[in-house]
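Single-structure report; data block below.
Side chains are part of it too, since the values below use all heavy atoms of this structure and drop only hydrogens, waters and symmetry mates.
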Amino acid sequence: MKKIKTSALIGLGALGILFGRKMPGVQVIADEDRIARYSAEPVFCNCEECKFSYVTPAEGRPVDLLLVAVKATVLEQAIQDVAKFVGPDTVILSVLNGITSEEHIETAYPGRTLWSVAIGMDATRSGRTGRTLVFNQAGKIQFGERSGEMTDRVQAVADYLDECGIANEPCGDILYKQWNKLMVNDGLNQAAAAFDLTYGGLCRSAEAQAKMHEAMQEVIRLANLEGVPLPPDNDVRFIDAMMPTFNPDGMPSMRQDVLAKRPTEVEEFAGVVRQRAKKYGMPTPANDFFYTRIREIEAGYDQ
């Protein structure tokens, strides 16, 4: 594959800002109303202003690399909006949470998608429109072919991200990596939202920690049933290694969403786990709890 030179990004939330600010010349795809909102409030990341070029879906031209960083709740609209940016040689990376976005993108644009996952970041958004970002850990993008093959386009993406200064890891086991991230989100993200806690608060709450580990264990069991070999102690290993690195006053994205009264990704976390577990007759009491609680929180937004 040829060297990646041109890029576009859709979704200027935490991950869009975090990675997009490092991509020279990246075009940020947005409709006219959203561009007006973006332009009205500058983007800051760790107190440094980030300059972006905005382009509407109608103005698109094919690019070498397309980064999809929207929330799962608006993925279908994003898939339509990127149409003119996708050419025969475009590579698409999705850094959405969950394990289903690549399937949707690949259906719309066959043969363009690399499976990927963003891990290790602790970014928190603030400001009237969420255009201010603060982080301690910038994280990295793990990606690869669904088959595990190390192809030329995997190498081309790795070379591009290296040049951008974006930490990355080409993977021969990307499905394993995605299920590992689902385990994290299913526990950490949902517990912070359901119990209204920061990272530091999660460390201090025995009740939240117990429910968090229960949900993560459900993902591990489901992954094993799906043929993905997550170790039985995967949850403990992650929490012990990563929680000390997070800003105690920071919080995962789902709690940020509920505080801002935005739709959450609960369908991509508890919803997917509950649905897929039914195939195996596997109970999911912790994910049932999180699903019900987070839906209750969303239902209370207008009260």
- Under the side-chain hydrogen bond (donor to acceptor under 3.5 Å, both in side chains) rule, what do Thr284 and Tyr291 come out as? Steps first, then yes or no, please. CA-CA 10 Å; Thr284 55; Tyr291 189 88; over 6 Å; no
- List the steps and the verdict of side chain to side chain contact (heavy atoms under 4.5 Å, CB included) for Val28 and Val55. CA-CA 6 Å; Val28 177; Val55 60; over 6 Å; no
- Stepwise, does the side chain to side chain contact (heavy atoms under 4.5 Å, CB included) test hold for Val26 with Ser53? CA-CA 7 Å; Val26 67; Ser53 297; over 6 Å; no
- Where do Leu259 and Met251 land on the side chain to side chain contact (heavy atoms under 4.5 Å, CB included) test, with the steps shown first? CA-CA 11 Å; Leu259 290 177; Met251 65 193 79; 3.6 Å; yes
- Message: Leu222 vs Trp179, test: side chain to side chain contact (heavy atoms under 4.5 Å, CB included). Steps then yes/no.
- Response: CA-CA 9 Å; Leu222 179 59; Trp179 276 88; 3.9 Å; yes
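With sequence neighbours left out, the salt bridge (charged side-chain N to carboxylate O under 4.0 Å, His left out) criterion links Glu267 to Arg295. Residues passing the side-chain contact (heavy atoms from CB on, under 4.5 Å) test with Pro229, sequence neighbours excluded: Tyr176. Residues passing the side-chain contact (heavy atoms from CB on, under 4.5 Å) test with Ala72 are Leu96, Glu265, Glu268, sequence neighbours excluded. The side-chain contact (heavy atoms from CB on, under 4.5 Å) search around Lys261 returns Tyr301, not counting sequence neighbours. Here Leu225 pairs with Tyr280, Met282 under the side-chain contact (heavy atoms from CB on, under 4.5 Å) rule; sequence neighbours left out.
Few gaps surround CD on Glu76; more than 12 heavy atoms of other groups in view lie less than 6.0 Å from it. The neighbour count for Lys279 NZ, taken as heavy atoms of other residues, nucleotides or ligands under 6.0 Å away, is above 12. Within 6.0 Å of the CD atom in Glu48, the count of heavy atoms belonging to other residues, nucleotides or ligands does not exceed 12. Residue-environment remark: CD (Glu49) exceeds the threshold of 12 foreign heavy atoms within 6.0 Å.
For Gly20 against Leu9, the heavy-atom pair with the smallest separation is CA-CD2, 4.0 Å. Heavy-atom minimum distance, Ala118 versus Leu15: CB-CD1, 4.1 Å. When all heavy atoms are compared, the tightest approach of Lys22 to Leu18 is CG-O, 3.9 Å. Heavy-atom minimum distance, Gly281 versus Pro283: O-CD, 3.5 Å. When all heavy atoms are compared, the tightest approach of Ser116 to Ser94 is OG-O, 2.5 Å.
A donor-acceptor distance shorter than 3.5 angstrom exists from the side chain of Asn189 to the backbone of Ser253, with no hydrogens or angles considered. The backbone N or O of Asp64 sits less than 3.5 Å from a side-chain atom of Thr6, completing a donor-acceptor pair. Gln190 contributes a side-chain N or O that, together with a main-chain N or O of Ala270, makes up a donor-acceptor pair within less than 3.5 Å. Checking side-chain atoms of Ser39 against main-chain N and O of Ile35 turns up a donor-acceptor pair under 3.5 Å. Here the side chain of Arg237 pairs no donor or acceptor atom with the backbone of Asn234 at under 3.5 angstrom. Here the side chain of Asn224 pairs a donor or acceptor atom with the backbone of Val228 at under 3.5 angstrom. Between the side chain of Thr56 and the backbone N or O of Asp31, no donor-acceptor pair lies under 3.5 Å.
Salt bridge Asp288/Arg274: present, at least one basic N to carboxylate O contact under 4.0 Å. Using a 4.0 Å cut-off between a side-chain N of Lys or Arg and a carboxylate O of Asp or Glu, Asp33 and Arg37 do not qualify as a salt bridge. Salt bridge annotation for Asp159-Lys3: absent, with no cationic side-chain nitrogen under 4.0 angstrom from a carboxylate oxygen.
Taken together through direct or relayed side-chain contacts under 4.5 Å among Ile, Leu, Val, Met, Phe, Trp and Tyr, Val184 and Val95 form parts of separate hydrophobic clusters. The same ILVMFWY cluster, assembled from side-chain heavy atoms under 4.5 Å apart, contains both Val157 and Ile166. Taking hydrophobic clusters as Ile, Leu, Val, Met, Phe, Trp and Tyr residues chained together by side-chain heavy-atom distances below 4.5 Å, Ile4 shares a cluster with Ile141. Residues Ile10 and Leu12 are members of separate hydrophobic clusters, defined by side-chain heavy-atom contacts under 4.5 angstrom among Ile, Leu, Val, Met, Phe, Trp and Tyr. Under a hydrophobic clustering in which Ile, Leu, Val, Met, Phe, Trp and Tyr are joined whenever their side-chain heavy atoms come within less than 4.5 Å, directly or via other members, Met183 and Leu175 fall into different clusters.
Looking only at side-chain heavy atoms (C-beta outward), Asn97 and Phe269 come within less than 4.5 Å of each other. Within the 4.5 Å cutoff, no side-chain heavy atoms of Lys71 are placed close to those of Thr264. Side-chain contact between Asn168 and Gln142: absent, with no pair of heavy atoms (C-beta onward) separated by less than 4.5 Å. By the 4.5 Å heavy-atom criterion applied to side chains, Pro57 and Lys84 are not counted as neighbours. Looking at Met23 and Ser7, their side chains come closer than 4.5 Å, going by heavy atoms from C-beta outward. Side-chain contact between Leu93 and Val68 is absent, with no heavy atoms from C-beta onward closer than 4.5 Å.
Sorted by first then second residue, the ring pair (Phe, Tyr, Trp, His ring centres under 6.0 Å) pairs that include residues 50-99, not counting sequence neighbours, are Tyr38-Tyr54. Sorted pairs that involve residues 185-194 and meet salt bridge (charged side-chain N to carboxylate O under 4.0 Å, His left out), not counting sequence neighbours, are lacking altogether. Evaluation of the ring pair (Phe, Tyr, Trp, His ring centres under 6.0 Å) test over residues 215-263, restricted to residues two or more places apart or in two chains, returns Tyr199-Phe246. A side-chain hydrogen bond (donor to acceptor under 3.5 Å, both in side chains) check over residues 243-252, counting only residues at least two apart or in different chains, returns nothing. Residues in residues 103-124 take part in no ring pair (Phe, Tyr, Trp, His ring centres under 6.0 Å) pair, two or more places apart or across chains. For residues 99-120, the salt bridge (charged side-chain N to carboxylate O under 4.0 Å, His left out) pairs, not counting sequence neighbours, are Glu103-Arg276.
One finds the OG1 atom of Thr90 at 8.5 Å from the CG atom of Leu65 (value rounded to the nearest 0.5 Å). A distance of 10.0 Å separates CG of Leu188 from CE of Met242, quoted to the nearest 0.5 Å. The line from CD of Gln178 to CD1 of Ile119 is 12.0 Å long, rounded to the nearest 0.5 Å.
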Residues 208-221 side chain polar contacts: donor-acceptor under 3.5 Å, at least two apart:
{"residue": "Gln209", "atom": "NE2", "partner": "Leu202", "partner atom": "O", "Å": "3.2"}
{"residue": "Gln209", "atom": "NE2", "partner": "Cys203", "partner atom": "O", "Å": "2.7"}
{"residue": "His213", "atom": "ND1", "partner": "Asp235", "partner atom": "OD2", "Å": "3.0"}
{"residue": "Gln217", "atom": "NE2", "partner": "Pro232", "partner atom": "O", "Å": "2.8"}
{"residue": "Gln217", "atom": "NE2", "partner": "Asp235", "partner atom": "OD1", "Å": "3.1"}
{"residue": "Gln217", "atom": "NE2", "partner": "Asp235", "partner atom": "OD2", "Å": "3.4"}
{"residue": "Glu218", "atom": "OE1", "partner": "Asn287", "partner atom": "N", "Å": "3.1"}
{"residue": "Glu218", "atom": "OE1", "partner": "Asn287", "partner atom": "ND2", "Å": "2.7"}
{"residue": "Glu218", "atom": "OE2", "partner": "Ala286", "partner atom": "N", "Å": "2.8"}

